[in-house]
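Comments concern the structure below.
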Amino acid sequence: MKRQPFIAGNWKMNKTGQQAVETATQLARLCSDIKDIEVMIAPANLSLALVAQAIQGTTVKLGAQNLYFEQQGAFTGEVSADMVKAAGAEYILVGHSERRQYFGETDEAVNRKIAAALGVGLKPVLCIGETLAQRKQENTYLILDKQVSDGLKGFGLEELSNLVLAYEPVWAIGTGQTAGIEQVEAVHQHLRSLLESLFSKDLADRTRIVYGGSVKPENVKKIMAIEDVDGALVGGASLDADKFINIIKYNG
Ligand code: PEP
């Protein structure tokens, strides 16, 4: 099955609103001739509405990096799915390893966040990945299987029709170290089979499974050539529009 490549930039806690607008505007201009690749950027929540306005009517889509699963109320400092959606986001990253590592996000919280996102029509990008210690202990699949099955527990085929799965080995994020081609290939193949066994062959065939972890203009072509890799989630190299466009246009 042909899946449209999905290349997303996670800007993390970088850029003021004005800086985000400048980069997004520049990127949208550079992406004006992109047809077959879906491009998404995820600025900080505070910049969502500004960036939404800046990229309106362009080929670049908007995503958020995080939300809280409650609908509203006394949760100081948090934003709800509704707010993220109203600010103009179409996608939402859930379970990024930095959220898991620094903010104690559990698979249960991830599951509730996805439920909240689906409730308002946001498309979830579920991020999963093993740490170096887990890989060394040969627990990679055990960890990934748990992150996927617990994260997606209770959802139906229809609800997951827009799911994107992002495999991001924790040891490759922001380290300059990318997973080997065979490692990525094996994990992505495994994840597609897992989706088939948990849900259906059709869902597994349709779901885009993207790779993240030090993707750069220099290595993107090799990564995108791997079977079952349907795109990339890019951190550091997405902050600069000129650099990011060289990843997006990996095919020349
Ligand atoms: C990420 O944060 O999702 C990521 C992959 O970061 P980097 O590209 O900087 O490794």
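No experiment lies behind these values; they were computed from the predicted model shown. Start at 1 with the first residue, then count along the sequence.
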side-chain contact (heavy atoms from CB on, under 4.5 Å) evaluation trace for Trp11 with Gln19: CA-CA 11 Å; Trp11 289 354; Gln19 290 165 339; over 6 Å; no
Exam field: side chain [X] to backbone [Y], donor-acceptor pair closer than 3.5 Å:
X: Ser238; Y: Gly235; answer: yes
X: Ser214; Y: Ala172; answer: yes
X: Ser193; Y: Gln189; answer: yes
X: Glu90; Y: Gly63; answer: no
X: Asp36; Y: Pro5; answer: no

In terms of heavy-atom contacts, does [atom1] of [X] have more than 12 from other residues, nucleotides or ligands at under 6.0 Å?
X: Gln101; atom1: CD; result: yes
X: Leu132; atom1: CG; result: yes
X: Glu70; atom1: CD; result: yes

If we only count heavy atoms from C-beta on, is the [X] to [Y] side-chain gap below 4.5 Å?
X: Phe199; Y: Leu152; value: yes
X: Cys31; Y: Ile245; value: yes
X: Ile128; Y: Val148; value: yes
X: Leu144; Y: Gln147; value: yes
X: Arg135; Y: Val170; value: no
X: Asn139; Y: Glu130; value: no
X: Glu185; Y: Asp228; value: no
X: Leu239; Y: Thr23; value: no

Of all heavy-atom pairs between [X] and [Y], which one has the smallest distance, and what is that distance?
X: Asn111; Y: Gly151; result: ND2-O, 2.9 Å
X: Leu93; Y: Asn10; result: CD1-CG, 3.7 Å
X: Leu67; Y: Ser80; result: CB-C, 4.4 Å
X: Ala179; Y: Val184; result: CB-CG2, 3.6 Å
X: Val215; Y: Val234; result: O-CG1, 3.8 Å
X: Leu195; Y: Leu165; result: CD1-CD2, 4.2 Å

Phe103: hydrophobic cluster co-members (side-chain, 4.5 Å): Tyr102
Cluster link [X] to [Y], ILVMFWY, side chain under 4.5 Å:
X: Val187; Y: Ile181; answer: yes
X: Ile223; Y: Ile247; answer: yes
X: Val60; Y: Tyr91; answer: no
X: Ile55; Y: Ile92; answer: yes
X: Ile209; Y: Leu157; answer: yes

Residues Leu62, Met40; criterion side-chain contact (heavy atoms from CB on, under 4.5 Å); working and verdict: CA-CA 5 Å; Leu62 187 65; Met40 183 271 266; 5.9 Å; no
[X] [atom1] to [Y] [atom2] distance, which is reported to the nearest 0.5 Å:
X: Leu191; Y: Thr207; atom1: CG; atom2: OG1; answer: 10.5 Å
X: Glu108; Y: Phe69; atom1: CD; atom2: CZ; answer: 7.0 Å
X: Ile173; Y: His96; atom1: CD1; atom2: NE2; answer: 4.5 Å
X: Leu48; Y: Lys85; atom1: CG; atom2: NZ; answer: 12.5 Å
X: Glu98; Y: Met13; atom1: CD; atom2: CE; answer: 10.5 Å
X: Met224; Y: Asn251; atom1: CE; atom2: CG; answer: 8.0 Å

Distance-only polar pair, side chains of Ser47 and Lys15, donor-acceptor under 3.5 Å: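 Checked: Ser47/Lys15 side chains show no N/O donor-acceptor pair below 3.5 Å.
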Tyr167 and His188 aromatic ring geometry - parallel, tilted or perpendicular at 30°/60° bounds: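 Because their plane-to-plane angle is over 60°, the rings of His188 and Tyr167 count as perpendicular.
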Stepwise side-chain contact (heavy atoms from CB on, under 4.5 Å) test for Lys249 and Ile37: CA-CA 9 Å; Lys249 294 191 174 175; Ile37 294 166; over 6 Å; no
Sole candidate of Lys153, Arg100, Arg99 that passes salt bridge (charged side-chain N to carboxylate O under 4.0 Å, His left out) when paired with Asp107: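 Option passing the salt bridge (charged side-chain N to carboxylate O under 4.0 Å, His left out) with Asp107: Arg100.
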From CA spacing to verdict: side-chain contact (heavy atoms from CB on, under 4.5 Å), Ile7, Phe244: CA-CA 10 Å; Ile7 298 189; Phe244 193 30; 3.8 Å; yes
Residue of the set Val164, Val210, Leu233, Val110 for which side-chain contact (heavy atoms from CB on, under 4.5 Å) holds with Cys127: Leu233
Option passing side chain to side chain donor-acceptor pair (under 3.5 Å) with Asp230 (candidates Gln4, Lys2, Arg3): Arg3
